[in-house]
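One structure is given below, encoded as structure tokens.
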Amino acid sequence: MVIQDVIWTIALCGIAIVSLVFLYILAGTGKAADEAAKSAAARTARKIQGGLFIILLLGFVFGTWATLHQFPIPRQDASLQADQVVDVTARMWSWKFQPSSVEAGKTVEFRVTSADVNHGFALYSPDGRIVVQTQAMPEYTNRVLYRFEQPGTYVVQCLEYCGIGHAPMKATFVVAAPKGE
Ligand SMILES: [Cu+2]
């Protein structure tokens, strides 16, 4: 079980416990109010409240599942089996790539880490769109898989404020045209 699965399970158990406590309180307060008021209007209001709560709850559960069940970051413990691997090291205030260019049309695994503080690794395509983004963290390697379709000179920019040299912490990264087979 990887850390993401553990956190996911804990979060789901937490949501379940909070929901049960909510339902318990809702049921208890509803009964007391009903007995005190003895009115049909109070009962109807309680039913509407309960119904709305269940609809909201189901909506949140479904929304969470639908948006998170395909976690967008690859498993960090499995081999990504990329055609090319680039080691990225961030430090105040520069980037180091090993190697410094890749070939378009083949998968690339970026292994991103930091030699000092947290940095944000963002790779912009020649037309200015972010195509790869992850955190550069000290003593940890984040892995991202990407396949470049468009050759050209890409720009790397730090997206996590890291001191006086943060804004100019840029570099270029070359994606070469595919070599003929
Ligand atoms: Cu920075």
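Every number for a ligand or one of its atoms is a count from 1 in the order of the listing.
Contact annotation: the side chain of Phe97 approaches that of Val156 to within less than 4.5 Å [non-hydrogen atoms, C-beta and beyond].
Other residues, nucleotides and ligands place no more than 12 heavy atoms under 6.0 Å from the CD atom of Glu139.
Of the possible polar contacts, one joining the Glu103 side chain to the Lys179 backbone as a donor-acceptor pair under 3.5 Å is found.
Here the N, O or S atom of His166 that is nearest to the Cu ion (ligand 1) is ND1. Atom O is the N, O or S atom of Glu160 at the shortest distance from the Cu ion (ligand 1).
Between Phe148 and Tyr154, a ring centre-to-centre spacing shorter than 6.0 Å is recorded.
Put simply, the angle at the Cu ion (ligand 1) from SG in Cys162 to SG in Cys158 is close to 120°, to the nearest 10°.
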